[in-house]
Participant: 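Before we start, here is the structure in question, set down as structure tokens.
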Number of protein chains: 2
Amino acid sequence: MTAEKPVRRRDAEATRQSLVEAAAELFAERGYDRTTVRAIAARAGVNQALLFRYFGSKTALFGEVVALDGRRQLRETPAESLLEAALRNLLTPVGDAPGDRSLEVFLRSVGGDDEAARTSRRLTEEYAGVLAGLSDAEDAELRSALVLAWLLGIGLTRVVVRQEPLAGADPEHVCRLMLDAARTLLERLP
Amino acid sequence: MTAEKPVRRRDAEATRQSLVEAAAELFAERGYDRTTVRAIAARAGVNQALLFRYFGSKTALFGEVVALDGRRQLRETPAESLLEAALRNLLTPVGDAPGDRSLEVFLRSVGGDDEAARTSRRLTEEYAGVLAGLSDAEDAELRSALVLAWLLGIGLTRVVVRQEPLAGADPEHVCRLMLDAARTLLERLP
DNA sequence: ACGCGATGTAAGCACCTGCTTACAAAGACG
DNA sequence: CGTCTTTGTAAGCAGGTGCTTACATCGCGT
């Protein structure tokens, strides 16, 4: 996919990519509202007018970030492992693994009722849908929604609020406690 | 405490009160960031310069709101009932009961690392402390933090994101599912 | 070699934010 | 009545926001 031409000093695709990457980082760090287009352009090392040339608006760029990067974990993980994988991902410090940070983006961007918030909400619906397959109960969807809510709450406390003792706790320990309790709700959890 | 003088057309205490009430509503509805001082003053029917005369800054007003209103439920509820009470409060539509909306304020205001965010975080530490008394396990504090995280996650999904099926679910049903699972963690839950 | 579209840039616009200031009016008190 | 503090108001400031515009420059196709 690389090396079509040896060197390109002007490269629309590359600057587009830089913008998407910078935006993904910043949205995960600060959420949608608190991320400015100037900050995105600066981190990408790109003039901010280009952001609007390539994406049209800050909201549209946000949509692209969620669409491109946000569904990796969802795509690559089987249902039975999804909860544990997402939980471990949330519990692993960002520097230590390349992990999917889409839930962080979500957590930091809820609250508005604008297009960006709606975009990130759609992502959690997909998680809930997958999780619902892990129970045969009549209220499987409510059960999966409750478990997902727990995951989000843990993420909120751990990554956004950084509140002890959860923030510093051993991921294994947290996993065990949480998954044991969650099995009360979704009987097919491993 | 009322009726010192029959009628006061100019009343600093009353306008202060109006500002606190308007601010409490708006912070719960929109969170700290998305609430403007102009909106607070408008809802209070008061000139916005008075907000600064009486409170000094938007942040200080936020602190007053959390301090005055935010600890009601915490003060008035015994530990064993706190989780269920807070959960029911979160699950009850705002119009239907006068309830304490401090957790909503918290949920909508996390994300920043400014003074306002810190103020609202302190509140959740108090919840966690009370909940930790419900287990004799060595890791009682982690367990209570996990349960609190669940509560916050449910609140996030229900009041902030308003996502089905949790948003429209029967409060009794949700309570039963959640409390059953939470007993795995805190053995003294009723 | 050169024209022209693709790419990058500097400046600025219109609006919103928290907060301040200079001033008007109301009421208490002599 | 006249003064003086308390309460309320209108206007605006400095800085930040998303986004636009007018223009410079690069490099590919001919």
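Sequence lines set the chain letters: A, B, ... in the order given, protein chains first and strands last, and positions in each chain run from 1. Just so we're clear, the structure is a prediction, and the values are computed from it rather than from any experiment.
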Participant: In terms of side-chain heavy atoms of A:Thr36, which of D:dT17, D:dT9, D:dA11 is nearest?
Facilitator: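 Selected nucleotide: D:dT17.
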
Participant: Please determine, for the side chain of B:Arg53, which listed nucleotide (D:dG8, C:dT9, C:dT7) has the closest atom?
Facilitator: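 Minimum distance to the B:Arg53 side chain belongs to D:dG8.
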
Participant: Closer than 4.0 angstrom, basic N to acidic O: yes or no for A:Arg88 and A:Glu172?
Facilitator: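 Looking at A:Arg88 and A:Glu172, the cut-off is met.
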
Participant: Output the single nucleotide from D:dG8, C:dG8, D:dA11 whose closest atom is nearest the side chain of A:Tyr54.
Facilitator: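 Selected nucleotide: C:dG8.
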
Participant: Check every atom of D:dT7, C:dC19, D:dC19 against the side chain of B:Ser57 and return the nucleotide holding the closest atom.
Facilitator: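 It is C:dC19.
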
Participant: Expressed as a whole number of angstroms, how long is the span from A:Phe55:CZ to C:dG8:P?
Facilitator: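 About 12 Å, once rounded to whole Å.
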
Participant: Classify the angle between the aromatic ring planes of B:Phe27 and B:Phe62 as parallel (below 30°), tilted (30 to 60°) or perpendicular (above 60°).
Facilitator: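 Geometry flag for B:Phe62 against B:Phe27: perpendicular rings.
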
Participant: Between CZ of A:Arg108 and CG of A:Leu26, what distance do you get to the nearest 0.5 Å?
Facilitator: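 Going from the CZ atom of A:Arg108 to the CG atom of A:Leu26 covers 11.5 Å.
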
Participant: At a heavy-atom distance below 4.0 Å, what parts of residues 14-27 of chain A sit against DNA chain D?
Facilitator: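 Close to the strand, none.
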
Participant: Looking at B:Phe52, I'd like to know if the NZ or CZ of B:Lys58 sits under 6.0 Å from its six-membered ring centre while staying within 45 degrees of the ring's axis.
Facilitator: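 So B:Lys58 doesn't make the cation-pi contact.
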
Participant: Describe the nucleic acid contact of B:Ala49 in one word from base, sugar-phosphate, nothing, applying a heavy-atom distance below 4.0 Å.
Facilitator: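 The residue B:Ala49 makes base contact.
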
Participant: Between A:Phe62 (CZ) and D:dG18 (P), how many Å, whole number?
Facilitator: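 Distance check: A:Phe62 CZ to D:dG18 P gives 14 Å.
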
Participant: Looking at residues 38-45 of chain B, who's got a heavy atom less than 4.0 Å off DNA chain D?
Facilitator: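 DNA chain D contact set from residues 38-45 of chain B: B:Arg38.
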
Participant: With distance as the sole criterion, is a donor-acceptor pair present between the side chains of B:Thr157 and B:Gln163 under 3.5 Å?
Facilitator: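 B:Thr157 vs B:Gln163: no donor-acceptor pair found between side chains.
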
Participant: Heavy atoms under 4.0 Å, any strand shown: does A:Thr35 hit a base, just sugar-phosphate, or nothing?
Facilitator: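 Here A:Thr35 touches the backbone only, sparing every base.
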
Participant: Nearest whole Å is fine: how far is C:dT20 P from B:Leu50 CG?
Facilitator: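 Answer to the nearest Å: 14 Å.
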
Participant: Rounded to the nearest Å, what distance is computed from the CD atom of residue A:Glu13 to the P atom of nucleotide C:dA6?
Facilitator: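 A:Glu13 atom CD is separated from C:dA6 atom P by 15 Å.
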
Participant: Starting at NZ of B:Lys58 and ending at P of C:dC19, how long is that distance when rounded to a whole Å?
Facilitator: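 These atoms are roughly 8 Å apart.
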
